[in-house]
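See below for the structure under consideration.
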Amino acid sequence: MLSRCGRRLLHVLGLSFPLLTCRPLFLWPHRLMKPLVVFVLGGPGAGKGTQCARIVEEMDQTMAANAQKNKFLIDGFPRNQDNLQGWNNTMDGKAEVSFVLFFDCNNEICIERCLERGKSSGRSDDNRESLEKRIQTYLQSTKPIIDLYEEMGKVKKIDASKSVDEVFDEVVKIFDKEG
């Protein structure tokens, strides 16, 4: 499921409205402004969804004050090499990955968070056996994507083992620095 920002990105890029794909929506004197994208990655339970909800509120305020500061979050993507290849094939020249916001968290902390969340979320995959499999999938499929972007100098790493507010304070610092 796409976040609100993800849906906006698809709209801006014309992907949800095929008849508009040839018409740029962001114009700056005689040239197309590419939307800046932030991939949000981390293991299951690292806090991606929680932090994305908070980031969207901060982004709404920032964009209201300055429409040129347009960044779009894509939560939990790309999860694997196929996702990345699809992104590159589809979005080449249409959007630019500004950076990867990487929520780094100890696997056991992630498991404990998900088990706690599972008490009220109703998610059937918030049990220890499923979580251990999801973490292995993350380590085998998603972590190499993070490593690839790190080699390009595009990873902003956050210690996600801290409290929600402490993590968000670090997020705000990164977004303030990156513009």
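Computed from a predicted model, the values in this text were never measured in an experiment.
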Using 0.5 Å steps for rounding, measure from the [atom1] atom of [X] to the [atom2] atom of [Y].
{"X": "Phe39", "Y": "Leu101", "atom1": "CZ", "atom2": "CG", "value": "12.5 Å"}
{"X": "Phe102", "Y": "Thr142", "atom1": "CZ", "atom2": "OG1", "value": "10.0 Å"}
{"X": "Arg79", "Y": "Phe77", "atom1": "CZ", "atom2": "CZ", "value": "10.0 Å"}
{"X": "Leu84", "Y": "Leu148", "atom1": "CG", "atom2": "CG", "value": "6.5 Å"}

Ion pair Glu58/Arg54, N-O distance below 4.0 Å: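 Not counted as a salt bridge, because no side-chain N and carboxylate O are separated by less than 4.0 Å.
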Is there a donor in the side chain of Asp165 and an acceptor in the side chain of Ser163, or the other way round, less than 3.5 Å apart?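 Side chains of Asp165 and Ser163: no pair found under 3.5 Å.
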Contacts of Lys157 that satisfy salt bridge (Lys or Arg N to Asp or Glu O under 4.0 Å) - sequence neighbours left out: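 Scan of Lys157 (salt bridge (Lys or Arg N to Asp or Glu O under 4.0 Å), adjacent residues dropped) gives Asp104.
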I'd like to check the salt bridge (Lys or Arg N to Asp or Glu O under 4.0 Å) partners of Asp147; sequence neighbours left out, ordered by chain and number.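 Testing Asp147 for salt bridge (Lys or Arg N to Asp or Glu O under 4.0 Å), a comparison that skips the adjacent residues, returns Lys143.
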Backbone of Val100 reached by a side-chain donor or acceptor of Lys156 within 3.5 Å: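 Side chain of Lys156 to backbone of Val100: no pair is present.
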Just by modelled atom types, is the Asn80 backbone N or O under 3.5 Å from a matching donor or acceptor in the Ser141 side chain?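 Side chain of Ser141 to backbone of Asn80, a donor-acceptor pair under 3.5 Å: no, none is there.
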Nearest heavy-atom pair of Arg134 and Pro44: which atoms, and what distance?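 Taking Arg134 first and Pro44 second, the nearest heavy atoms are NH2-CB, 3.3 Å.
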Minimal non-hydrogen separation, Leu41 against Gly76, with atom names: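 Of all heavy-atom pairs spanning Leu41 and Gly76, the closest is CD2-C, 3.8 Å.
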Which pairs of donor and acceptor atoms, one on a side chain in residues 109-117, lie under 3.5 Å apart (sequence neighbours left out)?
{"residue": "Glu112", "atom": "OE2", "partner": "Arg128", "partner atom": "NH2", "Å": "2.9"}
{"residue": "Arg113", "atom": "NH1", "partner": "Gly45", "partner atom": "O", "Å": "3.2"}
{"residue": "Arg113", "atom": "NH1", "partner": "Ala46", "partner atom": "O", "Å": "3.3"}
{"residue": "Arg113", "atom": "NH1", "partner": "Ala160", "partner atom": "O", "Å": "3.0"}
{"residue": "Arg113", "atom": "NH2", "partner": "Ala160", "partner atom": "O", "Å": "2.6"}
{"residue": "Arg113", "atom": "NH2", "partner": "Lys162", "partner atom": "O", "Å": "3.4"}
{"residue": "Glu116", "atom": "OE1", "partner": "Lys119", "partner atom": "NZ", "Å": "3.1"}
{"residue": "Arg117", "atom": "NE", "partner": "Asp126", "partner atom": "OD2", "Å": "2.8"}
{"residue": "Arg117", "atom": "NH2", "partner": "Asp126", "partner atom": "OD1", "Å": "2.8"}
{"residue": "Arg117", "atom": "NH2", "partner": "Asp126", "partner atom": "OD2", "Å": "3.4"}

Taking atom CG of Asp92 as the centre, does the number of heavy atoms from other residues, nucleotides or ligands within less than 6.0 Å exceed 12?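 Counting other residues, nucleotides and ligands, CG of Asp92 stays at 12 neighbours or fewer.
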Between Lys133 and Glu129, is the salt bridge (Lys or Arg N to Asp or Glu O under 4.0 Å) condition met? List the steps. CA-CA 7 Å; Lys133 288 179 185 175; Glu129 183 179 338; 3.6 Å; yes
Would you say Leu36 and Leu73 are hydrophobically clustered, going by side-chain heavy atoms of ILVMFWY under 4.5 Å?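 No; tracing contacts between hydrophobic side chains, which count when under 4.5 Å, never links both residues.
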Membership question, hydrophobic clusters at under 4.5 Å side-chain separation (ILVMFWY): are Val164 and Val56 in the same one?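 Not linked; separate clusters.
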